[in-house]
Amino acid sequence: MHAVLCVKPFELAVEACAEPQRHDREVLVRIRRVGLCGTDYHIYAGKHPYLAYPRVIGHEISGEVIESDPRSPFRPGQLVTLNPYFACGECVACRKGRPNCCASLQVLGVHTDGGMREILSVPESAVIDATGLSLEQAAMVEFLSVGAHAIRRARVQPEERTLVVGAGPIGAAAALFARLAGARVTLMDKIAARVDHARDRLAIDSVLHVGSTTDEELRDLTGGEMFDCVVDATGSSAAMSASLRFVGHGGTYVLLGVVMDDVCFPGPELHKRETTLLGSRNALKDDFDLVIQRILEGSIPTECLHTHSIAALEVPQRMPELIANKDRVMKAIVNF
């Protein structure tokens with residue numbers, strides 16, 4: 001495979017990207033689209049708990065294969081997305097079939113330099129066929145997979161009352177996949193613009209704006225019993241702690257957001273519900289496959305999630321603007 005060159009301002013660190021799986025064949029990918037998410041905004045603001053600077057961001061990626069091993073199933077010109085979670089394959093989590101929480105996990109754009117560049121070499125195991133999707137849809141597979149994974153992890157069942165707290169991209173993804181699982185879904189947020197967007201575009205059963213009567217509204221929706229499953233996607237430690245009260249007795253509480261602070265719960269409330277408390281991190285290959293299947297069959301309104309497009313060379317100037325207006329940005333995608 002030939003050497004990789006990249007045009008500034010984006011640096012290339014092929015060795016770092018390939019290191020977690022040296023035994024794996026590599027695929028050379030031309031980057032075409034990169035989605036921006038809360039992780040990238042936190043990195044820009046210096047608030048991400050798992051990151052060492054400097055770092056090239058970008059983990060929501062779509063691209064086209066440039067070159068691959070002759071034995072590879074991937075061919076030049078093929079549209080692909082990337083699983084950005086590079087696992088060691090040997091630790092206790094990997095042995096349990098859970099590489100998404102590998103003990104030495106390396107995530108593109110977080111632990112190692114990511115996809116905000118023109119060309120990237122990655123392990124073949126990270127490459128996922130996205131044939132049939134648009135470039136924009138392929139760049140949305142990763143964040144949708146994070147929401148899908150949380151719902152699969154919670155084992156949400158048909159007709160279960162499911163509350164998703166936080167109507168950003170990850171929360172919206174969780175709500176959409178809970179609905180596809182047959183649950184009765186409520187989505188809520190304190191940000192009016194996100195509530196309006198979800199209510200108008202996402203066809204969720206109930207969408208609420210957090211206010212003084214929120215608890216009363218939720219009790220009315222559930223006959224006073226609250227929810228079988230609550231998913232917190234706020235990224236706020238205060239919200240994570242407070243949302244336990246929305247979990248019904250015998251219910252499940254999934255923490256999907258990532259915060260740097262401790263998250264605390266009142267012991268008696270957690271105990272008396274016999275609450276199943278779950279952390280949900282990243283996604284598995286099965287989640288990526290499910291998301292692609294759902295997009296291809298038209299079950300995910302990707303056109304309603306993709307709200308902003310910007311050119312790659314505009315990112316340094318536009319990032320502060322996107323962060324300042326993040327309440328009205330569902331999914332911004334960078335075009336290469």
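Keep in mind that what you see is a predicted model, and the values were worked out from it rather than measured.
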- Message: If you define the side chain from C-beta out and look only at heavy atoms, does anything of S104 sit under 4.5 Å from C91?
- Response: no
Please report, to 0.1 Å, the donor-acceptor pairs under 3.5 Å made by any side chain of residues 276-283, with sequence neighbours excluded.
{"from": "N282", "atom 1": "ND2", "to": "N100", "atom 2": "O", "distance (Å)": "2.9"}

Quick note, ring pair (Phe, Tyr, Trp, His ring centres under 6.0 Å) partners involving residues 141-193, not counting sequence neighbours, are none
Contacts of R219 meeting side chain to side chain contact (heavy atoms under 4.5 Å, CB included) (sequence neighbours excluded), chain-then-number -> D215, E216, M226
Contacts of R95 meeting side chain to side chain contact (heavy atoms under 4.5 Å, CB included) (sequence neighbours excluded), chain-then-number -> V92
task: Consider only side-chain heavy atoms of I, L, V, M, F, W and Y, link residues closer than 4.5 Å, and tell whether Y44 and I170 are in one cluster.
output: yes
Rounded to the nearest 0.5 angstrom, the SG-CD1 distance for C229 and I151 is 5.5 Å
When rounded to the nearest 0.5 Å, the distance separating CD1 of I31 from CD1 of I66 is 8.5 Å
Separation between CD1 (I57) and CD1 (I43), nearest 0.5 Å, reads 6.5 Å
Closest non-hydrogen atoms of S241 and V263, given as atom of the first, atom of the second and distance, are OG-CG1, 3.8 Å
Between side-chain atoms of residues 329-336 and protein atoms elsewhere (two or more places apart, or another chain), which donor-acceptor pairs fall under 3.5 Å?
{"from": "K331", "atom 1": "NZ", "to": "L36", "atom 2": "O", "distance (Å)": "2.8"}
{"from": "K331", "atom 1": "NZ", "to": "E60", "atom 2": "OE1", "distance (Å)": "2.9"}
{"from": "K331", "atom 1": "NZ", "to": "E60", "atom 2": "OE2", "distance (Å)": "3.2"}
{"from": "N335", "atom 1": "OD1", "to": "R33", "atom 2": "NE", "distance (Å)": "3.1"}

>> Is it the case that the side chain of R71 and the backbone of S68 share a donor-acceptor pair, with hydrogens and angles ignored and the cut-off at 3.5 Å?
In response: no
One should read off an interatomic distance between D287 CG and I292 CD1, to the nearest 0.5 angstrom, of 11.0 Å
Distance-only donor-acceptor check, side chains T112 and Q106, under 3.5 Å: no
Residue pairs passing the side chain to side chain donor-acceptor pair (under 3.5 Å) test with at least one member in residues 288-313, sequence neighbours excluded, are Q137-T302, K285-D289, R294-E297, E297-S299, H306-S309
Q.
Tell me if a side-chain donor or acceptor on T81 pairs with a main-chain N or O of I128 at a distance below 3.5 Å.
A. no
Worksheet item: Does the side chain of R75 reach to within under 4.5 Å of the side chain of V65, using non-hydrogen atoms?
Response: no
Separation between NZ (K326) and SG (C37), nearest 0.5 Å, reads 13.5 Å
Is it the case that the side chain of R55 and the backbone of V110 share a donor-acceptor pair, with hydrogens and angles ignored and the cut-off at 3.5 Å?
yes
Between T214 and G211, the two heavy atoms sitting closest are OG1-N, 2.6 Å
Report, one line per pair, each donor and acceptor closer than 3.5 Å where one atom sits in a side chain of residues 253-261; sequence neighbours left out.
{"from": "Y253", "atom 1": "OH", "to": "M240", "atom 2": "O", "distance (Å)": "2.6"}
{"from": "D261", "atom 1": "OD2", "to": "S237", "atom 2": "OG", "distance (Å)": "3.4"}

For D220, is the CG atom crowded, meaning more than 12 foreign heavy atoms sit under 6.0 Å from it? yes
To the nearest 0.5 Å, atom CD1 of I295 lies from atom CE of M140 at 6.5 Å
Joint hydrophobic cluster, L180 plus V141, side-chain heavy atoms closer than 4.5 Å:
yes
Just wondering, do P169 and V146 contact through their side chains at under 4.5 Å, heavy atoms?
no
Taking the side chain as every heavy atom from C-beta outward, state whether I310 and L322 have any atom pair closer than 4.5 Å.
yes
Residues passing the salt bridge (Lys or Arg N to Asp or Glu O under 4.0 Å) test with R179, sequence neighbours excluded, are none
Should I323 and M116 be regarded as members of a common hydrophobic cluster, given that ILVMFWY residues are connected when their side-chain heavy atoms come within less than 4.5 Å of each other, either directly or indirectly? yes
**Item:** Minimum side-chain heavy-atom gap S206-M188 below 4.5 Å
**Value:** no
Note to self: Side-chain heavy atoms nearer than 4.5 Å, only ILVMFWY residues, links allowed to pass through others: does that put V185 and L290 together?
What the structure shows: yes
Tightest non-hydrogen contact, residues A130 and A138, listed as CB-CB, 4.0 Å
Could you list the donor-acceptor pairs under 3.5 angstrom formed by side chains in residues 265-274, with sequence neighbours left out?
{"from": "E269", "atom 1": "OE1", "to": "K272", "atom 2": "NZ", "distance (Å)": "3.3"}
{"from": "E269", "atom 1": "OE1", "to": "R273", "atom 2": "NH1", "distance (Å)": "2.6"}
{"from": "E269", "atom 1": "OE2", "to": "K272", "atom 2": "NZ", "distance (Å)": "3.2"}
{"from": "R273", "atom 1": "NE", "to": "V247", "atom 2": "O", "distance (Å)": "2.8"}
{"from": "R273", "atom 1": "NH1", "to": "E269", "atom 2": "O", "distance (Å)": "3.0"}

Q) Any donor-acceptor pair under 3.5 Å linking the side chain of Y85 with the backbone of L284? A) no
Nearest heavy-atom approach of T252 to A154 is CG2-CB, 4.4 Å
Those residues at least two apart in sequence (or on a different chain) that pass side chain to side chain contact (heavy atoms under 4.5 Å, CB included) with Q157 are R155, E160
Inset, instruction - Assess whether atom CZ of R245 is packed by more than 12 heavy atoms of other residues, nucleotides or ligands within 6.0 Å. - result: yes
Query raised in the report: For the side chain of S62 and the backbone of L135, is there at least one donor-acceptor N/O pair under 3.5 Å apart?
Result: yes
A175 and I204 have their tightest heavy-atom pair at CB-CD1, 3.9 Å
In terms of heavy-atom contacts, G171 and L187 come closest through O-CD1, 4.2 Å
Check your understanding: Are the side chain of T162 and the backbone of A183 linked by a donor-acceptor contact shorter than 3.5 Å?
Key -> no
Quiz item: Same hydrophobic cluster for L305 and F288, using side-chain heavy-atom links shorter than 4.5 Å among ILVMFWY?
Solution: yes
Check your understanding: So do L108 and L120 actually touch side chain to side chain, heavy atoms under 4.5 Å?
Key -> yes
Residues 182-202 vs side chain to side chain donor-acceptor pair (under 3.5 Å), sequence neighbours excluded, gives none
Sorted by chain and number, sequence neighbours left out, side chain to side chain contact (heavy atoms under 4.5 Å, CB included) with N325 holds for E321
**Prompt:** Can you check whether V122 reaches F86 side chain to side chain, under 4.5 Å on heavy atoms?
**Reply:** yes
